[in-house]
Amino acid sequence: MELFKQTNFDFLRYKWPFIIASLVLSVAGLLSLLVRGGPRLGIEFKGGMLMTAKFDAGKPIDQVVEQVRSVLTRALPSPPSVQTFENGSNEIEIGTGTDGADDVTLAKSRQIVVDTLAKTFGRPGNGKLDLNNASVGQLAERLRIPLQRAGVQLSDDQINQLSASILAYRDQHGGLLTKIDDLKAIPALTAPSLTVLNQECYLAPYTAARDIQIVGPKVGADLSHQAIEATLLALAGMLVYIWFRFEWIYGVGAVLAVLHDTIITIGIFSILNKEITLTVIAALLTLVGYSMNDTIVIFDRIRENLSLNRRERLIDVINRSVNQTLSRTVMTSGLTFIAVLALFLFGGPVLHGFSLALVIGIIIGTYSSVFVASPIVLFWHDWADKRKKAAPLAPIVAGPRPTAGKSSVKLTR
């Protein structure tokens with residue numbers, strides 16, 4: 001299937017604008033990394049505690065953020081990181097750094113955050129259980145005796161199943177209930193059971209007890225080392241493969257193009273102040289393989305065309321090869337871009353970093369295969385040809401002139 005037939009675009013004619021754009025993006029990203037002291041690492045690499053809290057939409061989220069930041073700054077040993085998500089949701093992310101803390105200290109920080117949020121936004125003094133932040137075990141334990149007093153005869157297993165159904169309904173409806181009476185939709189919840197639930201539970205205007213991550217400093221350092229090692233090993237393996245498959249300069253060009261893609265992607269993350277998490281590292285490794293595959297397809301076509309016509313100029317061979325693979329590039333990159341753009345727009349905060357890295361990487365990787373990797377090969381061959389032409393010729397050593405017969409010159413005294 002070919003979208004474009006018999007195209008003859010002079011791609012390498014426009015190589016310099018793209019090379020200059022790449023240099024500008026690379027320098028801007030590196031300057032941003034320098035100013036910020038490196039990339040903004042996620043909790044997986046720097047260690048710490050990370051919690052996602054969801055609040056009722058009745059109060060502006062900006063006011064909630066300021067209130068949470070204020071109360072947690074007073075409660076914790078060091079100021080926490082409190083920020084909102086960019087999708088306009090009523091969720092916030094609360095993070096605490098390690099600062100040399102061990103796992104026990106991080107667990108204490110987690111409990112401080114949970115208790116402070118309950119004291120600030122809940123009603124812990126009313127003697128009731130917060131249904132929006134309760135677990136199945138806590139709810140079952142709370143309902144067991146009151147249900148018996150109300151004449152609801154349920155076994156322990158049935159109470160556990162009822163509690164699981166209630167919390168499953170809560171989680172299916174965004175994890176934040178606003179009215180206990182909404183639980184009437186649960187078939188197993190009878191009217192007497194609902195009355196007991198209203199007597200024993202209340203609904204806080206937030207939920208935060210379920211999505212919590214704790215990573216110690218040693219684990220974070222190990223993950224950082226493994227992420228760097230995985231990326232470098234992937235690049236080294238691809239360099240060796242292309243070296244044997246083509247020429248060494250093709251391998252250098254492909255690896256430099258992939259490094260170019262990675263540096264620009266990380267630089268844009270730094271400019272946008274986005275976190276580098278494990279999912280972003282997965283996206284970068286995916287980008288490395290994707291961009292390398294795109295480059296190999298073009299290089300393979302260049303090799304085929306060179307074997308068919310060795311007298312043709314290399315720049316013409318490269319342009320023809322890019323034109324011949326243009327349909328494949330547009331279909332592959334275009335369809336992949338549509339997929340990752342859908343993830344970026346509709347995938348939610350969990351996939352935001354992963355999809356953003358792929359959106360940036362596919363755009364950068366597609367043009368780098370044409371306007372970065374191919375010009376590197378062209379520049380190298382042009383430089384090598386000029387060097388050969390400029391090399392001095394080897395001196396010719398004169399020997400005795402052969403004679404075809406007797407000399408016709410006579411010598412006289």
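Positions are given from 1 along the sequence.
When all heavy atoms of Gln138 and Ser135 are compared, the closest pair comes out as OE1-N, 3.0 Å. Nearest heavy atoms, Lys128 versus Asn198: NZ-O, 3.5 Å. Gly253 and Ile376 make their closest contact through CA-CG2, 3.8 Å (heavy atoms, listed as atom of the first residue, atom of the second, distance). Residues Ala254 and Met292 approach most closely at CB-SD, 3.5 Å, considering heavy atoms. Here the closest heavy-atom approach between residue Leu143 and residue Ser163 is recorded as CD1-OG, 4.4 Å. Taking each heavy atom of Val377 and Ile249 in turn, the nearest pair found is CG2-O, 4.2 Å.
Two residues are said to be in side-chain contact when any heavy atoms from C-beta on lie closer than 4.5 Å; Leu356 and Phe269 meet this criterion. Annotation: side chain of Ile94 is not in contact with side chain of Leu50 (no heavy-atom distance under 4.5 Å). The side-chain heavy atoms of Ile166 and Leu139, taken from C-beta on, include a pair separated by under 4.5 Å. Residues Leu117 and Met51 meet the side-chain proximity criterion, which asks for heavy atoms closer than 4.5 Å. Looking only at side-chain heavy atoms (C-beta outward), Ser165 and Leu189 stay at 4.5 Å or farther from each other. In this structure, Thr73 and Pro80 have side chains that are in contact, with non-hydrogen atoms separated by less than 4.5 Å. Side chains of Leu232 and Glu229 form no contact here, defined as non-hydrogen atoms less than 4.5 Å apart. Within the 4.5 Å cutoff, the side chain of Thr277 has no heavy atoms near those of the Phe354 side chain.
Sequence neighbours left out, not one pair with a member in residues 353-362 passes salt bridge (charged side-chain N to carboxylate O under 4.0 Å, His left out).
With sequence neighbours excluded, the residues that form a salt bridge (Lys or Arg N to Asp or Glu O under 4.0 Å) with Arg313 are Asp316. Qualifying side chain to side chain donor-acceptor pair (under 3.5 Å) partners for Ser321, counting only residues two or more places apart in sequence or in other chains: Asn305. Taking the side chain to side chain contact (heavy atoms under 4.5 Å, CB included) definition, one finds that Ala204 meets it with Asp130, Asn133, Tyr202, Tyr206, sequence neighbours left out. Shown here are the side chain to side chain donor-acceptor pair (under 3.5 Å) partners of Asp56, two or more places apart in sequence or in another chain: there are none. With sequence neighbours left out, Ser374 forms a side chain to side chain donor-acceptor pair (under 3.5 Å) with no residue at all. Residues passing the salt bridge (Lys or Arg N to Asp or Glu O under 4.0 Å) test with Arg303 are Asp300, sequence neighbours excluded. Here Asp294 pairs with Arg328 under the side chain to side chain donor-acceptor pair (under 3.5 Å) rule; sequence neighbours left out. Under the rule for a salt bridge (Lys or Arg N to Asp or Glu O under 4.0 Å), Asp157 has no partner lying at least two apart in sequence or in another chain. Shown here are the salt bridge (Lys or Arg N to Asp or Glu O under 4.0 Å) partners of Glu93, two or more places apart in sequence or in another chain: there are none.
The OG1 atom of Thr265 sits 14.5 Å away from atom NZ of Lys274, with the distance rounded to the nearest 0.5 Å. Here the straight-line distance linking atom CG of Leu25 with atom CG of Leu30 works out to 10.5 Å at 0.5 Å rounding. Residue Leu233 holds its CG atom at 11.5 Å from CD of Gln226, rounded to the nearest 0.5 Å. The distance from the CG atom of Asp182 to the CZ atom of Arg170 is 14.0 Å, given to the nearest 0.5 Å. Within the model, atoms OG1 of Thr84 and CD of Glu91 stand 10.5 Å from one another, a figure rounded to the nearest 0.5 Å. Here CD1 of Ile61 is found 6.0 Å from CG of Asn90. Values are rounded to the nearest 0.5 Å.
For Arg142 and Glu200, the salt-bridge test passes: some basic side-chain N is under 4.0 Å from an acidic carboxylate O.
Proximity of a side-chain donor or acceptor of Ser32 to a complementary backbone N or O of Gly29 within less than 3.5 Å is not detected. Formation of a donor-acceptor pair under 3.5 Å by the Asn160 side chain with backbone atoms of Asp156 is found in this model. The main-chain N or O of Ala208 is never found under 3.5 Å from a side-chain atom of Lys54 such that the two would form a donor-acceptor pair. Of the possible polar contacts, none joining the Glu66 side chain to the Gln63 backbone as a donor-acceptor pair under 3.5 Å is found. Checked by atom type and distance alone, the side chain of Ser355 pairs as donor or acceptor with a backbone atom of His352 at under 3.5 Å. For the pair Arg36 (side chain) and Ser270 (backbone), a donor-acceptor distance under 3.5 Å is present.
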Enumerate donor-acceptor pairs with a distance under 3.5 Å from any side-chain N or O in residues 333-344 to protein atoms, sequence neighbours excluded.
unit_1 : atom_1 : unit_2 : atom_2 : d
Ser333 : OG     : Tyr290 : OH     : 3.2
Ser333 : OG     : Thr329 : O      : 3.1
Ser333 : OG     : Thr366 : OG1    : 3.1
Thr336 : OG1    : Thr332 : O      : 2.7

Contacts under 3.5 angstrom, residues 11-24 side chains, donor-acceptor by atom type, not counting sequence neighbours:
unit_1 : atom_1 : unit_2 : atom_2 : d
Lys15  : NZ     : Leu12  : O      : 3.2
Ser22  : OG     : Phe18  : O      : 3.1
Ser22  : OG     : His260 : NE2    : 2.8
Ser22  : OG     : Tyr367 : OH     : 2.6

Run the numbers on Leu314 and Leu306 for side chain to side chain contact (heavy atoms under 4.5 Å, CB included), then give the verdict. CA-CA 8 Å; Leu314 182 59; Leu306 280 175; 4.1 Å; yes

Walk me through it: do Thr207 and Asn132 pass the test side chain to side chain donor-acceptor pair (under 3.5 Å)? CA-CA 6 Å; Thr207 177; Asn132 277 330; over 6 Å; no

Does the side chain to side chain contact (heavy atoms under 4.5 Å, CB included) test come out yes or no for Ile360 and Asp261, once each step is laid out? CA-CA 9 Å; Ile360 298 170; Asp261 303 341; over 6 Å; no

Please determine whether side chain to side chain contact (heavy atoms under 4.5 Å, CB included) holds for the pair Leu326 and Phe9, giving the CA-CA distance in whole Å, both sets of side-chain angles, and the decisive distance to 0.1 Å. CA-CA 10 Å; Leu326 184 60; Phe9 300 116; 3.9 Å; yes

What verdict does the side chain to side chain contact (heavy atoms under 4.5 Å, CB included) test give for Gln67 and Phe121, after you've listed the backbone C-alpha separation in whole Å, the side-chain angles of each residue and the deciding distance to 0.1 Å? CA-CA 10 Å; Gln67 187 176 2; Phe121 299 98; 3.6 Å; yes

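Other residues, nucleotides and ligands contribute at most 12 non-hydrogen atoms within 6.0 Å of the CD1 atom of Ile145.
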